[in-house]
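Below is one structure, written out as structure tokens, with a few remarks after it.
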Amino acid sequence: MSATHHLQSLVAKDWHAATHHAFTNALADGTLSRAKMAGYLQQDYQFIEGFVRLLSSAVAHAPSLADAVPGARFLGQICGAENTYFLRSLQALDVSQTAPPAPETTAFQQLMDQARHSGRYEIMLSVLVVAEWIYLDWATPFENRADELPFWLGEWISLHSGKDFSQVVAYLRDQLDHVWETLDNDARAQVTATFTQAVRLERAFFDASWAGFAVAK
Ligand SMILES: Cc1ncc(CO)c(N)n1
């Protein structure tokens, strides 16, 4: 079993809850209210800021140019198409680009900051793998529904499914699988703790999104 499959198996319950969530089910069948999607996007745009910093740091810590390039290309995708998606969606939903951070957002920002400041590639990858793999898992079954939905729902599925995105996840997992082989038991325990916490926070973020974040006008 690969290291990343092993890590996933340790958190199977939270993983399943995060990838088969009422929030993403409603998003994919088009019944999610505009207010819930707006609240989610306002919070998630703040998540993206920390994510961009963390991914940049992982790119900087990659052991070789070949290991860095797919991460750097993904960084370009997030700062390009995905950033534009946020701005267009928040505008279409007629809400502000900014909002006070919810506790679930702050918790994620803290984990990402901690991973970035650790200076350790494997800790950075632990958060990145969870964030992207969970999104690939929930979105993939809905890939064919994207075109029938309003763009602020459909494009969120398209951005997290398909060949290019599954290659991003494969790359991040591969990086973590390789570095794992070089780690001692202490470092492996720290990767496990970071991975586990990230999955918990993903689940909590969807729980709070489904309950409904306050929307800033
Ligand atoms: C909270 C969260 N996790 C993962 C992703 C995927 O990038 C996202 N946009 N937001």
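In listed order, ligands and their atoms are each counted from 1.
Listed by first and then second residue, the ring pair (Phe, Tyr, Trp, His ring centres under 6.0 Å) pairs involving residues 91-127 are Phe47-Phe108 (not counting sequence neighbours).
Gln91 and Arg88 share no side-chain donor-acceptor pair at under 3.5 Å.
Close contacts between ligand 1 and Glu132 involve ligand atoms 6 (C), 7 (O) [criterion: under 4.0 Å to a heavy atom]. The ligand atoms of ligand 1 that sit less than 4.0 angstrom from a heavy atom of Trp156 are 9 (N).
Judged by the shortest distance from any of its heavy atoms, Phe165 lies outside the 4.0 Å radius around the atoms of ligand 1.
The nearest protein atom to atom 1 (C) of ligand 1, hydrogens excluded, is given as Asp44 OD1, 3.3 Å; this is a heavy-atom distance. If you check which protein heavy atom lies closest to atom 3 (N) of ligand 1, you get Glu202 OE2, 2.7 Å.
For the residue pair Tyr85 and Phe151, the shortest heavy atom distance occurs at CE1-O, 3.8 Å.
When non-hydrogen atoms are compared, ligand 1 lies under 4.0 Å from neither the backbone nor the side chain of Trp138.
Grouped with Leu65 in one hydrophobic cluster are Val69, the linkage being side-chain heavy-atom contacts under 4.5 Å among Ile, Leu, Val, Met, Phe, Trp and Tyr residues.
For CD of Glu49, the number of neighbouring non-hydrogen atoms (other residues, nucleotides, ligands) closer than 6.0 Å is 12 at most.
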